[in-house]
Amino acid sequence: MSFYIIVNEDGTIETSSSLKIKRKKGNNLIELPSDYTVIDTETTGLDPVFDEIIEIGAIKVRNNEIVDQYQTLLKPEEFVPEFITELTGITNEMLENAPKIESILPGFIEFIQDDILLGHNIHFDINFLYDYIEDVLNLEFSNDFVDLLRLARKVYPEFENHKLATVGKNLNLDISGSHRSIKDCMITHKSFQLLKAKVNNDIDTLKSLWSSYTNSGWTDLTKIKADVGSFKEDHLFYAKNCVFTGKLEKMARTEAAQCVANIGGICQNGVTMATNFLILGNFDYSSNIKGNKSSKLKKAERYILAGQDLQILSEDVFYDLISGN
DNA sequence: TCTCCTCGAGATCT
DNA sequence: CTCGAGGAGA
């Protein structure tokens, strides 16, 4: 494979392993197809730039049934490392008379056609194949694909991990002989069929696993109730409206809000004409805001100019106020 | 509420 | 890579 070294303007050196290679891959689908081709490759290592494919396996599925299969060992340019032989059982002797990948690629492409591809962590296999197919055939390997790993993590969150063998084991499949391409294709195919059944073959059921708001952890600060018996009625925050902006260094925002509630203060989510205190966190990390003022801060400053009883407090002053009672 | 953003943590493939 | 956390802003 090609090997790149790039010397940056600042003198630092990047090799191909640290280089982001742009591949125009197909779409990563969240679908439950009944027609697809499972693929799996064995390689001499994890890096598509330095390592080589030594075995390709594929299983063609139509209407959920296996209709054809493809399997070949491949002779690499370099020798197979010891640990790969231990992992896969593939020895240099076995590859002695195997074809080189260049000669079998056209046949492989013909086998998979424009099928949706299924694989476990299929990015790995596609990245390897993509580079060969581009180099040898000058073709873009852009089949859409379904990643069993991605689906299994959602559908079976209770599994101790989501390695292919673990998924297969938990689904009571025969996982002996894994780490050979055809066998792994088989485990992948059967796991996928069981996964489809688990979600009742219903794509909406599957997709609903992703639909929960990524923002579900958002807390409405006005709903935070004091969890202590009595308020500190002489405290600066007592019965006053408090708002936070920016990220607090020493505590989570909800913790800070809880402190305010326990004093008898009232937390708001945003600055209003009733706000009395705006507590300022930091914005360094937020590239949205960068050195600028947050919208809450700008709004507070306008209200202060208009004569509102509103004070802006630094994070440190806030800690002093809540701890030093 | 909802959408968009970034950051950091944690897996998986051989 | 993928995801969740936790922000902003509308």
Side-chain angles (χ1 to χ4, degrees), chain A residues 17 20-21 23 25 27-28 30 38-57 74 76 78 80-90 117-130 145 147-154 156-157 159-168 178-181 183-185 187-188 191 209-223 243-249 251-257 269-271 278-290 292-299:
Chain A
S17 65
K20 266 256 161 66
I21 298 171
R23 300 184 180 93
K25 298 195 283 192
N27 300 308
N28 189 353
I30 296 172
V38 193
I39 60 168
D40 184 61
T41 56
E42 306 304 316
T43 70
T44 56
L46 293 174
D47 191 330
V49 174
F50 296 113
D51 300 316
E52 303 174 77
I53 300 179
I54 53 176
E55 188 180 39
I56 297 179
L74 297 165
E78 309 287 334
V80 178
E82 185 68 30
F83 74 98
I84 292 293
T85 297
E86 260 176 56
L87 181 71
T88 63
I90 300 173
L117 303 177
L118 172 70
H120 195 259
N121 194 21
I122 192 171
H123 287 279
F124 174 83
D125 305 276
I126 289 183
N127 287 344
F128 268 91
L129 289 166
Y130 191 103
F145 54 92
D147 184 2
L148 178 68
L149 171 62
R150 191 181 182 207
L151 268 42
R153 280 180 172 151
K154 285 293 187 182
Y156 304 111
F159 289 179
E160 61 269 32
N161 63 60
H162 297 85
K163 297 173 184 176
L164 179 59
T166 307
V167 172
S178 65
H179 284 301
R180 285 297 298 270
S181 60
K183 185 70 197 192
D184 282 358
C185 284
I187 299 170
T188 301
S191 297
L209 300 175
W210 274 266
S211 72
S212 54
Y213 305 132
T214 119
N215 222 13
S216 57
W218 187 83
T219 26
D220 182 350
L221 298 188
T222 64
K223 296 243 179 355
V243 175
F244 296 89
T245 185
K247 182 182 171 63
L248 298 176
E249 287 300 312
M251 54 205 308
R253 183 178 286 198
T254 44
E255 284 179 73
N269 294 308
V271 173
L278 178 66
I279 294 107
L280 223 49
N282 105 40
F283 293 96
D284 293 348
Y285 75 100
S286 171
S287 56
N288 263 4
I289 305 286
K290 294 189 174 126
N292 299 323
K293 294 173 178 178
S294 73
S295 64
K296 286 176 183 174
L297 177 53
K298 288 183 201 163
K299 196 170 180 182

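Note on naming: letters A, B, ... go to the chains in the order of the sequence lines (proteins, then strands), and numbering restarts at 1 for each one.
Considering only heavy atoms from C-beta on, A:S181 stays 4.5 Å or farther from A:I56 through its side chain. Looking only at side-chain heavy atoms (C-beta outward), A:N28 and A:H123 come within less than 4.5 Å of each other. Side chains of A:F128 and A:D125 form no contact here, defined as non-hydrogen atoms less than 4.5 Å apart.
Side-chain polar atoms of A:H120 and A:K163 form no donor-acceptor pair below 3.5 angstrom.
A donor-acceptor contact shorter than 3.5 Å is absent between the side chain of A:E42 and the backbone of A:I54.
Of the nucleotides present, none pairs with B:dA11 by Watson-Crick or G-U wobble criteria with both distances under 3.5 Å.
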Using side chain to side chain contact (heavy atoms under 4.5 Å, CB included), reason through A:T41 and A:L129 one step at a time and then give a plain yes or no.
CA-CA 9 Å; A:T41 56; A:L129 289 166; 4.3 Å; yes
Its contact letters, B for base, S for sugar-phosphate only and - for none at protein heavy atoms under 4.0 Å, make nucleotides 8-14 of chain B read ---SBBB
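Between the CD1 atom of A:I30 and the C1' atom of C:dC1 there is a distance of 14 Å, given to the nearest Å. Regarding A:N27, its CG atom lies at a distance of 14 Å from the P atom of C:dC1, rounded to whole Å. Atom P of nucleotide C:dG7 and atom CG of A:L278 are separated by 14 Å, given to the nearest angstrom.
Across all strands shown, A:N28 has heavy atoms under 4.0 Å from sugar-phosphate atoms exclusively, and none from any base.
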